[in-house]
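What follows is a set of notes on a single structure, which appears directly below.
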There are 2 protein chains.
Amino acid sequence: MTDTARSTTRYGTRPTMKDVAARAGVGLKTVSRVVNGEPGVTPDTERRVQEAITALGFRRNDSARVLRKGRTASIGLVLEDLADPFYGPLNRAVEEVARDHGALLINGSSAEDPAREQELVLALCARRVDGLVIIPAGTDHRYLEPEIAAGVATVFVDRPAGEIEADVVLSDSFGGARDAVAHLIAHGHRRIGFIGDQPRIHTAVERLRGYRAAMDEAGLPVDESWVALGSTEPERVRSAAEAMLDGPAPVTALFSGNNRVTVTVVRVLAGRPRPVALVGFDDFELADLISPGITVVAQDAARLGRTAASLLFRRLDGADEPPQQRVIPTRLIPRGSGELPPPA
Amino acid sequence: MTDTARSTTRYGTRPTMKDVAARAGVGLKTVSRVVNGEPGVTPDTERRVQEAITALGFRRNDSARVLRKGRTASIGLVLEDLADPFYGPLNRAVEEVARDHGALLINGSSAEDPAREQELVLALCARRVDGLVIIPAGTDHRYLEPEIAAGVATVFVDRPAGEIEADVVLSDSFGGARDAVAHLIAHGHRRIGFIGDQPRIHTAVERLRGYRAAMDEAGLPVDESWVALGSTEPERVRSAAEAMLDGPAPVTALFSGNNRVTVTVVRVLAGRPRPVALVGFDDFELADLISPGITVVAQDAARLGRTAASLLFRRLDGADEPPQQRVIPTRLIPRGSGELPPPA
DNA sequence: CTGAAAGCGCTTACAG
DNA sequence: CTGAAAGCGCTTACAG
């Protein structure tokens, strides 16, 4: 049956309310009432309509409905990479909130490319999503102004919007980084390296600021060879780490600026005879099972997502407050690698 | 400006082609031509229309377009949990293929709940997605028959569809499990335990079948206390592992049925004095940095996603072949834990 | 090169 | 309790 049915009814042949109405011998509006569970239909009429619906395999076309209703009951989430485990819990948290509000989630990766971010965001606006949760790749979001003015609720997460005022939900990158570095200092380190993400990324800059603040508060000088911002490609991170460890002013501890950097640094350190202390920004699975366990500054990615999505739906429910900034605290989790002392 | 503009133009006040036409002093169809880059508009007219578009902040409403065009240029992906790192690369791969075909991706988690899967899938059908990629939670997909008959292309991934014929892309669970267990046997083990997912999940059953086949081929008996299928909750896995290790016929090696099981088993083994061999189904980040490195049977999740999405778009492009089944090979990666010998 | 009319599948506003 | 008409914002098919 499948093949024939498929080839003959393949496209555009779905039954409509009009078809159901004709088959049930009622008006269009009556079908609409039954489909939407509105009152004012006799049980007998309702039954006839239900039978026609079942017989024809009718399913309401929500994209027609949307056109009349205004709201699409869908939101967009633009993040950097759907494959990055850091974004999984955030993604899921946004989905749960959307689901609670009866909305679907359209997802996309910017691949850290501002042009791709813009293309994706504007495609979502063209689909008339009710709102957007954006982890920005770009630094200029003025392209969103007409959309926001037209009523597209927009919340930025993890990094702030550029050149426009908008709601934003951030982790405490500065505070978390300062805690991490202060932790290493408290364990006796004086020469500490920082390997972070590209300097155009807000969190990288904030974490560098936290690193400098902790060093400064302890009265420790920072040799500029101890700071390396750049891509998170393994080769770049590896050579940055090696330069710091083997350079003229070798570091005794490293602070890595995000989970991708940490992973590479762990690999580099695993191949070395002498232990080097390490604290990483971002937690990751099994960090406690490596030996020593990796001390991290954990972000609460699920809470980041939940907070952003809740804010979004508050806006959609009509909240008309000025743009807000929410900061989610981080948590230092000691596991061993950050408590290693400097060599005697 | 933002606040006033937002509160006055908040909803439903986006400019339409009609507004653009009025402002540019042209007909509706001319605006449509300019917006869609169709030929047959003089440069001068085009310029006037473009000016009106910019002045009004017009953006074409794709959801109206969709209603006329038939295709929505969107596909749905229903997986188990957006937060699960295993699905990240699959998700991203599906997105990339969708993007190559100009389609957006609507995402959702079934939370391993058949009712929620169905609800989500039917909501996607109501939105008239062109196609669906489904990692099924349920075992009866007859509810999809009218949708498939109406032309919704559907591809199942990771687990087959239940009670209907449909395209499916699977990892070689049976072969991978057999390889894993044969590997342990080759390293001298005779008493090997298997801790897997719930028996209603197809992959769990296939992997159990692979386990039994390998044992059988080696002429080894299987004590039924060595097999435990069930939830992947840490408590369940922990007690299953402990029962096998401390029971009357203690195992010397474990084969864990998926990444969540493996993670818990690694934790259990880390707390034990005597080394126990382990091979896990599914690779995970940093598996090589734990000591010993965790030997795994790796699935190619990205290829799973890419294959499924490509098949989907082939269907959308009119391919009218009978339902296909594609099997993606797995790969055993020895890292140490699977090469541990049994105690002397 | 340009545009008026009809229609996609629903909901809204209204009348009986 | 029921339904005919108008309209959401586009595209299609056609005419000038």
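No hydrogens, no waters, no symmetry mates; every other heavy atom, side chains included, goes into these values.
Between Asp317(B) and Arg315(B), no side-chain nitrogen of the basic residue sits less than 4.0 Å from a carboxylate oxygen of the acidic one, so the salt-bridge criterion is not met. Salt-bridge annotation for Arg314(B) and Glu321(B): present, with a side-chain N of the basic residue lying under 4.0 Å from a carboxylate O of the acidic one. In summary, Glu147(B) and Arg128(B) do not engage in a salt bridge, as defined by a charged side-chain N under 4.0 Å from a carboxylate O. By the 4.0 Å N-to-carboxylate-O rule, Glu80(A) lies too far from Arg116(A) to be salt-bridged with it. Using a cut-off of 4.0 Å between Lys/Arg side-chain N and Asp/Glu carboxylate O, Asp19(A) and Arg23(A) are scored as not salt-bridged. Under a 4.0 Å N-O distance rule, the pair Glu96(A)/Arg306(A) does not qualify as a salt bridge.
We find that CZ of Arg127(B) is positioned 22 Å from P of dC8(C), with the value rounded to whole Å. The nearest whole Å value for the distance from the CG atom in Asn61(B) to the C1' atom in dG7(D) is 14 Å. Separating the CZ atom of Arg128(A) from the C1' atom of dC10(D) is a distance of 11 Å, rounded to the nearest angstrom. Atoms CG (Leu67(A)) and C1' (dC8(C)) sit 9 Å apart, rounded to a whole Å. In this structure, Asp19(B) places its CG atom 13 Å from C1' of dC10(D), rounding to the nearest Å.
Within residues 41-52 of chain A, no residue has a heavy atom under 4.0 Å from DNA chain C.
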Between Ile135(B) and Leu90(B), does a side-chain contact (heavy atoms from CB on, under 4.5 Å) hold up when you go through it step by step? CA-CA 11 Å; Ile135(B) 295 167; Leu90(B) 191 156; 4.0 Å; yes

Pairs under 3.5 angstrom, nitrogen or oxygen only, protein versus nucleotides 11-14 of chain C, please.
from: dT11(C); atom 1: OP1; to: Asn36(A); atom 2: ND2; distance (Å): 3.2
from: dT11(C); atom 1: OP1; to: Arg65(A); atom 2: NE; distance (Å): 2.7
from: dT11(C); atom 1: OP2; to: Ser32(A); atom 2: OG; distance (Å): 2.8
from: dT11(C); atom 1: OP2; to: Asn36(A); atom 2: ND2; distance (Å): 3.3
from: dT11(C); atom 1: O2; to: Arg68(A); atom 2: NH1; distance (Å): 3.3
from: dT12(C); atom 1: OP1; to: Lys69(A); atom 2: NZ; distance (Å): 3.2

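Taking side-chain N and O atoms only, Thr30(A) has no distance below 4.0 Å to OP1 or OP2 of dT2(D).
For the 3.5 Å distance criterion, the side chains of Thr45(B) and Thr42(B) qualify, holding a donor opposite an acceptor. Looking at Glu117(B) and Tyr143(B), their side chains do bring a donor and an acceptor atom within 3.5 Å of each other.
DNA chain D forms stems at C:1-3 with D:14-16, C:5-12 with D:5-12, C:14-16 with D:1-3, each a run of 3 or more consecutive Watson-Crick or G-U wobble pairs whose two key distances fall under 3.5 Å.
The residue Val66(A) sits apart from the nucleic acid: no heavy atom pair falls under 4.0 Å.
In this structure, the separation between CG on Leu316(A) and CG on Asp130(A) is 5.5 Å, given to the nearest 0.5 Å.
By the 30° and 60° cut-offs, the orientation of the rings of Phe156(A) relative to His141(A) is perpendicular.
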